[in-house]
Q: 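Sharing a structure with you now.
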Amino acid sequence: MEYTLSILFIILILWLILYFILEFSIVNKKIKSVNQVFQELDKVFIKRLNVLYKILDIIKEYDKIEFDVLSSNLYDYINEYNEYNLEKKISVNEGLNLDLKKIFLTSKVYPELLDNFKYVKLEKQLKRFNKVISKLCKKYNNLLLIYMDRKKIFPSNLICSILEKDEYRYFRIED
């Protein structure tokens, strides 16, 4: 009897260890998938920043006062972007999404911008980047939702607290 209880206890302990290992693996994969999609997003964010800066150089010739502050902020973002944490990168890009509306309206206010080949080319690039960003943000948010749901369950919540380096948050998407 005592021998049987010992074996059952050992089996239970082994089962718990295997369960934690499996759970660790699952949580780790979810974190990696969220980070992987964010890295893809990050690359597009950087490209978009550079295109925005080039567009602003062209636009400032038409409306210097309106776009001086934005170009100053963009310059800071470009120079410091790699040092930002995930939270700051998301905040910066959400703010840029609002500024993009101003930029796209500029060609309505100054229709002569549409005669500028370089501006038109950059604006098309910017629109393509925004479509890619929108798709990647949706994918990122979906993966993050799955991860956050997993994070609410024991023992995943313990494992998440050990593995999580950044505080994740959803990206606000405006189409």
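For this chain, numbers begin at 1 and follow the sequence in order.
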Q: Which residues pass the side chain to side chain contact (heavy atoms under 4.5 Å, CB included) test with E40, sequence neighbours left out?
A: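 E40 satisfies side chain to side chain contact (heavy atoms under 4.5 Å, CB included) with Q36, L136 once adjacent residues are dropped.
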
Q: Which other residues belong to the hydrophobic cluster containing I10, where Ile, Leu, Val, Met, Phe, Trp and Tyr are joined when side-chain heavy atoms lie under 4.5 Å apart, directly or via other members?
A: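 Its cluster partners, ordered by chain and number, are L14.
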
Q: Heavy atoms, side chains only, cut-off 4.5 Å: are L49 and L96 in contact?
A: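 Yes, at least one pair of side-chain atoms sits under 4.5 Å.
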
Q: Per the salt bridge (Lys or Arg N to Asp or Glu O under 4.0 Å) rule, what does the pair list look like for residues 151-163, sequence neighbours excluded?
A: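 Sorted result for residues 151-163: D149-K152, K151-E164.
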
Q: Distance check, rounded to the nearest 0.5 Å: Q125 atom CD versus K54 atom NZ?
A: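 One finds 7.0 Å between CD of Q125 and NZ of K54.
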
Q: For residues 114-123, please give each side-chain donor-acceptor pair under 3.5 Å, one per line with the distance, not counting sequence neighbours.
A:
| unit_1 | atom_1 | unit_2 | atom_2 | d |
| --- | --- | --- | --- | --- |
| N116 | OD1 | K118 | N | 3.0 |
| N116 | OD1 | Y119 | N | 3.2 |
| Y119 | OH | E123 | OE2 | 3.2 |

Q: Less than 3.5 Å apart, any donor N or O on the side chain of Y81 or N93 sitting next to an acceptor on the other?
A: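 Per modelled atom types, Y81 and N93 side chains form a pair under 3.5 Å.
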
Q: Compare all side-chain heavy atoms of Y170 with those of L145 and state whether any distance is below 4.5 angstrom.
A: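 Result yes, sub-4.5 Å side-chain heavy-atom pair found.
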
Q: My understanding is that only residues two or more places apart in sequence, or in another chain, count here; which of them pass salt bridge (charged side-chain N to carboxylate O under 4.0 Å, His left out) with E87?
A: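 E87 satisfies salt bridge (charged side-chain N to carboxylate O under 4.0 Å, His left out) with R169 only.
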
Q: Any side-chain heavy-atom pair from L144 and V37 closer than 4.5 angstrom?
A: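 Of all side-chain heavy-atom pairs linking V37 with L144, none is under 4.5 Å.
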
Q: Measuring from atom CD of E94 to atom NZ of K89, what distance do you get when rounded to the nearest 0.5 angstrom?
A: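 If we round to the nearest 0.5 Å, E94:CD and K89:NZ are 14.5 Å apart.
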
Q: With a 4.5 Å cut-off on side-chain heavy-atom distances among I, L, V, M, F, W and Y, is there a chain of contacts connecting V34 to Y84?
A: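 Result: yes, single cluster for both.
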
Q: Can you name the side chain to side chain contact (heavy atoms under 4.5 Å, CB included) partners of I7, sequence neighbours left out?
A: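 Residues passing side chain to side chain contact (heavy atoms under 4.5 Å, CB included) with I7: Y3, I11.
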
Q: Can you tell me how far apart NZ (K135) and CG (L41) are? Round to the nearest 0.5 Å.
A: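 So the gap between those two atoms works out to 13.0 Å.
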
Q: Rounded to the nearest 0.5 Å, what separates atom CD1 in I146 from atom CG in N141?
A: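 I146 CD1 to N141 CG: 11.5 Å, rounded to 0.5 Å.
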
Q: Applying ring-ring contact (aromatic ring centres under 6.0 Å, His included), can you list everything that pairs with Y19, at least two apart in sequence or on another chain?
A: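 Once residues adjacent in sequence are excluded, the partners of Y19 under the ring-ring contact (aromatic ring centres under 6.0 Å, His included) criterion are W15.
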
Q: Side-chain donor-acceptor contacts of residues 20-30 below 3.5 Å, not counting sequence neighbours, with atom names and distances?
A:
| unit_1 | atom_1 | unit_2 | atom_2 | d |
| --- | --- | --- | --- | --- |
| E23 | OE1 | R150 | NH2 | 2.8 |
| E23 | OE2 | R150 | NE | 2.8 |
| E23 | OE2 | R150 | NH2 | 2.9 |
| E23 | OE2 | S156 | OG | 2.1 |

Q: Can you pull out every ring-ring contact (aromatic ring centres under 6.0 Å, His included) where at least one residue sits in residues 130-149? Sequence neighbours excluded, please.
A: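 Every pair satisfying ring-ring contact (aromatic ring centres under 6.0 Å, His included) with a residue in residues 130-149: F38-Y140, Y147-Y168.
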
Q: For F129, check ring-ring contact (aromatic ring centres under 6.0 Å, His included) against everything at least two apart and list the hits.
A: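 ring-ring contact (aromatic ring centres under 6.0 Å, His included) check on F129 returns nothing, list empty.
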
Q: Any chance you could measure L18, atom CG, to I13, atom CD1, to the nearest 0.5 Å?
A: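 Answer rounded to 0.5 Å: 11.5 Å.
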
Q: Within this structure, what is the CD1-CG distance for the pair I90 and D42, rounded to the nearest 0.5 Å?
A: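 Those atoms lie 9.5 Å apart.
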
